[in-house]
Colleague: 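After the structure tokens below, expect a handful of questions from me.
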Amino acid sequence: MVRSLLIRGMLVGVLAGLLVFGFAKLFGEPQVDRAIAFETAMDEAKMKADLAKGIHHEEEPELVSRPMQASWGLLTGVMVYATAFGGLFALVFAFAYGRLSTLGPRADSALLALLGFLSLYVVPNLKYPANPPSVGNPDTIGIRTALYFSMMALSVAAMIGAVTLCRRLLPKYGVWSAALIASAAYLAAVVVVGALLPSVNEVPADFPAVVLWRFRIDALGMQAIMWATFGLVFGALTERASIGRLHRISGHAAVPWR
Amino acid sequence: MIDTTIGSDTVAPIPVREILPWLVFGALMLLAIYFVGAEEGATSIFKGMYVHEWVHDSRHLLGFPCH
């Protein structure tokens, strides 16, 4: 059971990766190119100024060409990321199925994807938003990475706590009120965490605002596509598989979860 | 009395002991995400910058800190 869920999750991850890659290629890459053009212009200006002062810079060798980064490199990164998250999604689903709700696989899958999208991407990115090339000081990469992953971990922990709380409150308050109280608890927890963690703002003063905005919206779009694919396609396939199983057991057409 | 379930059907959850062995794969997935998101940035398993440069665009677009 878990084995087939895991394989299904990774296959849905492959599909999600292809969709995300298409979107990233079409919308995200032009913003990356604009950001790199800005970076190059800044570097050249700095080099010229330094040369006037008599300081010489060695050209850094290019390990991977821009066209490679923007095609096969992007495809590799997105596919590995989406397939791995698809597998993780399936493992969490194996645990959540029948525990999160009693609505069946489609609803459990959609709900899990929504909670994953919110806690793993939307909330951490409100505190530490995605940045295009040329935004970010190389000297602070260590602390920025630690902060970003901490925010992610705390957000997920708060979400697990909120779901647990919701289940505890369910018998006394009913679904609507229990879910509202749990949502408020999650929101309060991440607002406190977000307020306590230090802010990072390393956007160069004259970096084009429109490029930054579009880059971040495109990054959000990629995540929305990935999690929507997980939630909807994984749920539909799992639903179909469980109907098939019931069909085999009972020997006649069973249509549960309608 | 308040109904405590959302749906009408009850679904038997998969026992936790059946899920546990599969968490090994979860660790592998996390390692894969680490390579896309952080290798040769904040920390390095391999020397050089090749992995970082190869997944450069996806690292930025997937929201990870880069450079």
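These numbers come from the heavy atoms of this one structure, side chains and all, not from hydrogens, waters or symmetry mates. Chain letters run A, B, ... following the sequence lines, proteins first, then strands; residues in each count from 1.
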Colleague: Could you look at A:Gln223 and say if it's the side chain, the backbone, both or neither that has a heavy atom under 4.5 Å from chain B?
Modeller: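 Side chain only.
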Colleague: Is it the backbone or the side chain of B:Pro15 that comes under 4.5 Å from a heavy atom of chain A, or both, or neither?
Modeller: backbone
Colleague: Quick one: which of A:Val80, A:Leu75, A:Leu88 has the most heavy-atom pairs under 4.5 Å with chain B, could you say?
Modeller: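 Of A:Val80, A:Leu75, A:Leu88, A:Leu88 has the most heavy-atom pairs under 4.5 Å with chain B.
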Colleague: Using non-hydrogen atoms and a 4.5 Å limit, figure out which bit of A:Leu5 sits close to chain B: side chain, backbone, both or neither.
Modeller: side chain
Colleague: Below 4.0 angstrom, N of the basic side chain to O of the carboxylate: do B:Lys47 and B:Glu40 qualify?
Modeller: no
Colleague: Side chain, backbone, both or neither: which part of B:Val55 has an atom under 4.5 Å from a heavy atom of chain A?
Modeller: both
Colleague: Using non-hydrogen atoms and a 4.5 Å limit, figure out which bit of B:Ala38 sits close to chain A: side chain, backbone, both or neither.
Modeller: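 B:Ala38 touches chain A through side-chain heavy atoms alone.
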Colleague: Would you check if there is a donor-acceptor pair between the side chains of B:Ser44 and B:Glu39 at a distance under 3.5 Å?
Modeller: no
Colleague: For A:Ser199 and A:Lys127, which I'm curious about, is there any donor-acceptor pair between the side chains at under 3.5 Å?
Modeller: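 There is such a pair (donor and acceptor under 3.5 Å, judged by atom type) between the side chains of A:Ser199 and A:Lys127.
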Colleague: Charged N to carboxylate O under 4.0 angstrom, B:Glu18 versus A:Arg3?
Modeller: no
Colleague: With a 4.5 angstrom heavy-atom cut-off, which part of A:Val78 approaches chain B: side chain, backbone, both or neither?
Modeller: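 For A:Val78, heavy atoms of backbone and side chain both lie under 4.5 Å from chain B.
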Colleague: Which atoms of A:Met226 are under 4.5 Å from chain B, going by heavy atoms: the side chain, the backbone, both sets, or neither?
Modeller: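 A:Met226 has no heavy atom closer than 4.5 Å to chain B.
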Colleague: Go through the atoms of A:Leu6 and report whether side chain, backbone, both or neither lie under 4.5 Å from a heavy atom of chain B.
Modeller: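 For A:Leu6, side-chain heavy atoms alone lie under 4.5 Å from chain B.
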Colleague: Testing A:Phe234, A:Trp227, A:Phe117, A:Tyr121 one by one against A:Phe85 for a ring-ring contact (aromatic ring centres under 6.0 Å, His included), which residue passes?
Modeller: A:Trp227
